[in-house]
Amino acid sequence: MRFDPQLAEFRFGYGLSPDVAPPASVDAMMTRLTGPDRMAQRFPIEGFDQFRIQLMGAAQDLRDRRRKERTPEANTALIEGMKELRKTARMGKIEAMGRHLARRSRTDDALRERLVAFWADHFTARGKAGVEKFASSAHVESTIRPHVAGRFEDMLIASTTSPLMITYLDQQQSVGPNSPRALKTPKDDGLNENLAREVMELHTLGVGGPYTQDDVRQLAELLTGLTFEIRNGTKFRKDYAEPGAETVLGRSYGGTDDPNLRDIHAALRDLARHPATARHIAHKLAVHFVADAPDQDLVDRLAARFEETGGDLAAVTRALLEHPASWAAPMGNIRPPFAYVSTVVRALAPDPARLHPDGAKPFIRQLEANLSRMGQPYEEPNGPDGWPESDAAWLTPQGIAARLQWALIAPRQLLGDDLPDPRDFVLKTLGPRADERLKFAAGAAESRRDGLGVILASPAFQRS
Amino acid sequence: MSLSRRAFLARSLALGCSAAASPLLTPVTFASAPWDNRLVVIILRGAMDGLGTVLPYGDRDWAGLRPGPAVGSAGGPLDLDGRFAMNAALADLKPLWDAEELGFVHAVSTPYRDKRSHFDGQDLLEAGTTTLDGSRDGWLNRLLQVSGASDPSTAFALGRDNMILLQGRAPHSNWTPEVDLLMTPQALRLAEMVMSADPAFQSALGEALVLAASDGDAVELEMGGNMMDAMKGGGGGHKALASFAAQQLNGAARIAAFSLGGWDTHSRQERDLGNALGRLSETIATLRADLGANWDRTAVLAMTEFGRTVRLNGTAGTDHGTGGAMLFAGGALRGGQVVTDWPGLGEGDLYAGRDLMPTRDVRAHAAWVMRSLFGTSVSDLERVVFPGIEMGAAPAHLL
């Protein structure tokens with residue numbers, strides 16, 4: 001296998017940067033990935049605990065005050081206070097969007113950013129109401145990012161027991177039908193299978209996996225008790241837990257007089273190490289990074305590596321980088337909109353201050369609407385299965401038209417009047433992947449703005 | 001802005017049209033449509049609760065299953081036929097029911113069983129097959145295939161969702177009314193040129209250029225933000241979709257498909273189901289108003305991936321179930337009836353002891369509607385459009 005530094009940036013990163021040299025080898029990529037997370041230090045995004053305590057906690061204070069005082073003043077304070085909190089949370093979301101873009105633009109470890117996005121999508125979770133709607137980045141920073149070169153089971157446990165996942169998949173109020181709580185107030189609460197189902201279907205075994213409706217129900221019963229409190233975070237409520245042991249995929253969990261979170265962890269670890277999980281993850285990685293119809297040997301190799309190492313994600317990622325098929329496939333995958341936007345930002349290499357809401361209001365303020373037009377409303381996937389992987393899902397008339405429209409305005413928004421010469425730009429950012437037509441278009445445009453826009457909207461920029 | 005988007009657009013398109021060499025505009029012809037009748041398929045994503053939509057209040061086992069206001073009370077469900085009542089959120093459609101332009105099919109499902117996954121359930125509903133093995137084209141696309149429809153403007157997938165329903169070999173169009181192309185003619189020409197090396201990009205851009213001109217351009221640029229919010233939050237985007245669908249169907253299009261979300265009512269479903277049904281109601285009302293005289297030649301089918309549990313869960317919602325309901329509307333069908341082979345709600349009547357038992361394949365209903373609208377042969381329907389299905393006897397909702 002001949003290592004291709006530029007293809008490494010296109011396929012496993014966010015394309016070429018005029019300022020950052022591409023990696024020289026697989027070893028160099030792995031050294032960076034397993035080394036310190038320098039981008040997280042340089043462009044910090046607050047973690048979930050901070051978000052929970054500051055924003056969700058403040059909302060809870062307002063609700064508590066109204067409940068206690070029952071006065072019109074407390075009511076007004078709640079309404080006005082919530083408005084303010086939502087504004088703050090929304091601004092935090094936009095700021096974090098700018099930080100994601102800054103990381104992707106300046107990093108020499110773009111693979112890490114791609115893996116964060118991949119795993120965040122694999123474990124899709126989002127808040128459904130109130131300030132939690134704006135918690136996605138904080139959640140990913142705490143739950144996903146620390147584990148992308150760690151163990152799959154640790155990421156699975158972090159995800160499944162995270163407050164955002166717990167609310168997203170309705171675990172919060174799932175109560176064992178024979179639990180002390182249900183026996184005391186029978187009508188109040190009941191079992192909810194949603195989280196258990198998605199853990200098996202989406203996060204571990206895959207929908208074709210060897211589980212039945214009964215396994216779903218058993219895991220749902222095992223998960224009862226798993227909930228969270230705004231002020232304290234994830235919590236196990238024994239009074240919600242279904243008594244007795246549960247059998248998931250033929251193995252028994254719990255059953256002691258003392259139901260606890262460790263039993264849930266044990267079941268999740270077994271699901272994480274299941275061969276069906278290895279195959280599911282291997283296929284997904286190969287589709288995401290290489291091609292919609294990936295090489296079978298590549299998938300088999302990744303699955304084998306996953307199984308051998310008990311889900312060591314650094315080892316699996318290295319296997320992906322070392323397999324010849326990862327480098328042989330043509331650039332066929334279409335970057336989803338936010339990845340596409342990131343690639344454009346990396347190529348234009350603006351001062352990171354321009355990505356802050358205070359620095360470049362038009363860019364960031366309009367970006368959410370533009371992403372929606374491209375078909376990917378920011379941090380608002382349709383369901384727990386995340387964004388589509390298939391190229392056809394993104395290669396639609398409106399998606400392509402929206403990208404083209406945006407590509408024409410983005411350079412001015414990010415660089416002001418100081419636009420690079422399109423003829424140099426096309427060579428620096430696409431290298432040998434700039435074909436003759438593209439080079440011609442770069443020189444034939446009426447303005448730098450149009451020339452850059454046409455290059456940025458070209459298939460070579462959108463495929464990886 | 002001084003120059004209206006319309007003017008921009010006119011310039012762009014004038015360039016495209018005058019350039020006889022441009023291959024991008026040639027696929028669109030204005031050939032006459034293969035049929036006069038129209039079909040709109042709405043996919044209700046998230047699993048609509050059939051029992052909360054059309055309440056079987058005449059069933060002896062109904063009482064106590066779903067607490068709520070009494071049928072016929074103020075703000076309560078509306079009686080339909082003494083056996084069934086419809087959710088109050090559909091009240092605006094009652095005149096359509098009375099005019100026999102709205103009806104329901106109850107206790108139906110796709111062949112999907114047991115795993116109760118939204119994503120697989122929706123994929124199967126749109127694929128129209130018995131299992132998800134093999135190819136992933138949609139049943140509306142296969143209808144186009146057997147009909148020999150070759151004009152992409154005959155069938156439209158609308159909105160931002162990826163509709164498997166219309167994917168496949170037969171040409172069709174995709175569009176969401178919120179996108180327009182604003183650029184100089186020269187930039188457009190160059191964009192066409194750089195995309196010409198990549199056929200998939202070339203055809204997507206070509207289609208976009210035609211569609212950007214045909215969506216009426218009714219929204220001014222200043223309103224773009226509101227329009228986007230509407231699309232995202234469901235605060236009116238569904239009406240824009242319905243309106244655009246009607247506009248296309250009044251022209252060359254005969255088939256339109258889009259989806260509505262918000263049906264996954266795991267908790268507090270009284271509120272959430274009401275909101276989702278309200279949007280569906282407005283969608284149908286918009287279609288009817290904007291289709292004008294063509295409403296009489298239109299059938300609307302609103303289908304969902306599966307039903308929900310018969311009993312409420314512990315969070316005043318319902319979980320994923322099996323048998324559910326389909327809503328139908330339009331002058332080309334006989335409404336004013338709930339078509340069902342009702343299975344009952346007793347303990348032994350339920351599927352797996354928890355779900356409404358499906359008594360007929362929802363695809364059979366869709367197949368009969370296509371037979372009635374387009375004259376598609378039973379053998380094409382049973383072998384190609386819905387492979388392996390037995391259509392059985394014609395249901396009562398055909399004209």
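All values below come from the heavy atoms of this structure, side chains included, with hydrogens, waters and symmetry mates left out. All values reported here derive from a predicted model rather than from experimental measurement. In what follows, chains are A, B, ... by sequence order, proteins preceding strands, each numbered from 1.
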Novice: For atom NZ of Lys439(A), is the number of surrounding heavy atoms from other residues, nucleotides or ligands below 6.0 Å larger than 12?
Specialist: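 Atom NZ in Lys439(A) is packed in, count exceeds 12.
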Novice: To the nearest 0.5 Å, what is the distance between CG (Leu158(B)) and CD (Gln398(A))?
Specialist: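 The CD atom of Gln398(A) is 9.0 Å from CG of Leu158(B), to the nearest 0.5 Å.
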Novice: Please say whether more than 12 non-hydrogen atoms of neighbouring residues, nucleotides or ligands are located less than 6.0 Å from CZ in Arg271(B).
Specialist: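 It does: Arg271(B) CZ has more than 12 such atoms within range.
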Novice: At their closest point, which heavy atom of Ala457(A) faces which heavy atom of Met195(B), and how far apart are they?
Specialist: O-CE, 3.2 Å
Novice: Can Gln173(A) and Thr315(B) be counted as having a side-chain donor-acceptor contact under 3.5 angstrom?
Specialist: no
Novice: Just how far is it from atom CG of Asp319(B) to atom CG of Asn194(A), taken to the nearest 0.5 Å?
Specialist: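 So the CG of Asp319(B) and the CG of Asn194(A) are separated by 7.0 Å.
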Novice: Look at Gly317(B), Gly46(B), Ala197(B) and state which one has the largest set of heavy-atom pairs under 4.5 Å with chain A.
Specialist: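 Going by pairs under 4.5 Å, I would pick Ala197(B).
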Novice: Counting only heavy atoms closer than 4.5 Å, note whether Glu198(A) contacts chain B via side chain, backbone, both or neither.
Specialist: side chain
Novice: What pair of heavy atoms forms the shortest contact from Ala208(B) to Pro397(A), and how long is it?
Specialist: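 Here Ala208(B) and Pro397(A) meet closest at CB-O, 3.5 Å.
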Novice: Closest heavy-atom contact between Ala187(B) and Asp450(A)?
Specialist: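 Smallest heavy-atom distance, with atoms named: CB-OD2, 3.6 Å.
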Novice: Could you tell me if the side chain of Asp198(B) sits less than 4.5 Å from the side chain of Gln462(A), heavy atoms only?
Specialist: no
Novice: Can you say whether Asp435(A) sits under 4.5 Å from chain B via the side chain, the backbone, both, or neither, judging by heavy atoms?
Specialist: side chain
Novice: Could you grab the distance from atom OG1 of Thr212(A) to atom NZ of Lys115(B), nearest 0.5 Å is fine?
Specialist: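 Those atoms lie 8.0 Å apart.
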Novice: State whether the number of non-hydrogen atoms from other residues, nucleotides or ligands found under 6.0 Å of Arg423(A) atom CZ is greater than 12.
Specialist: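 Atom CZ in Arg423(A) is not crowded, with 12 or fewer foreign heavy atoms closer than 6.0 Å.
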Novice: Count the heavy-atom pairs under 4.5 Å between each of Glu201(A), Arg197(A), Gln213(A) and chain B, then report the option with the highest count.
Specialist: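 Heavy-atom pairs under 4.5 Å are most numerous for Arg197(A).
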Novice: Among Arg463(A), Glu193(A), Met200(A), which residue forms the greatest number of heavy-atom pairs with chain B at distances under 4.5 Å?
Specialist: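 Among the listed options, the one with the most contacts to chain B is Arg463(A).
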Novice: Apply side chain to side chain contact (heavy atoms under 4.5 Å, CB included) to Asp385(A) and list each qualifying residue two or more places apart in sequence or on a separate chain.
Specialist: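 Checked Asp385(A) against side chain to side chain contact (heavy atoms under 4.5 Å, CB included); matches are Leu202(A), Phe119(B).
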Novice: Could you tell me which residues satisfy side chain to side chain contact (heavy atoms under 4.5 Å, CB included) with Pro177(A), sequence neighbours excluded, listed by chain and number?
Specialist: Leu191(A), Arg217(A), Glu242(A)
Novice: Do you know which of His118(B), Arg116(B), His320(B) has the most heavy-atom pairs under 4.5 Å to chain A?
Specialist: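 Looking at each option in turn, the highest pair count goes to Arg116(B).
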Novice: Roughly how far, to the nearest 0.5 Å, is CG of Asp170(A) from CG of Asp264(B)?
Specialist: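 Rounded to the nearest 0.5 Å, the CG-CG separation comes to 7.5 Å.
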Novice: Would you compute the distance between atom CG of Leu209(B) and atom CD1 of Ile400(A) and round it to the nearest 0.5 angstrom?
Specialist: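 It is 12.0 Å, given to the nearest 0.5 Å.
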Novice: Tell me, out of Phe440(A), Tyr211(A), Trp394(A), who's got the most heavy-atom pairs with chain B below 4.5 Å.
Specialist: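 It is Tyr211(A).
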Novice: To the nearest 0.5 Å, what is the distance between CZ (Phe201(B)) and CG (Leu404(A))?
Specialist: 11.0 Å
Novice: Please classify the contact of Val216(A) with chain B as side chain, backbone, both or neither, using a heavy-atom distance under 4.5 Å.
Specialist: neither
Novice: Between Ala200(B) and Leu395(A), which heavy-atom pair has the shortest distance, and what is it?
Specialist: CB-CD1, 3.5 Å
Novice: Need one label for Ser196(B): side chain, backbone, both or neither, based on atoms under 4.5 Å from any heavy atom in chain A.
Specialist: both
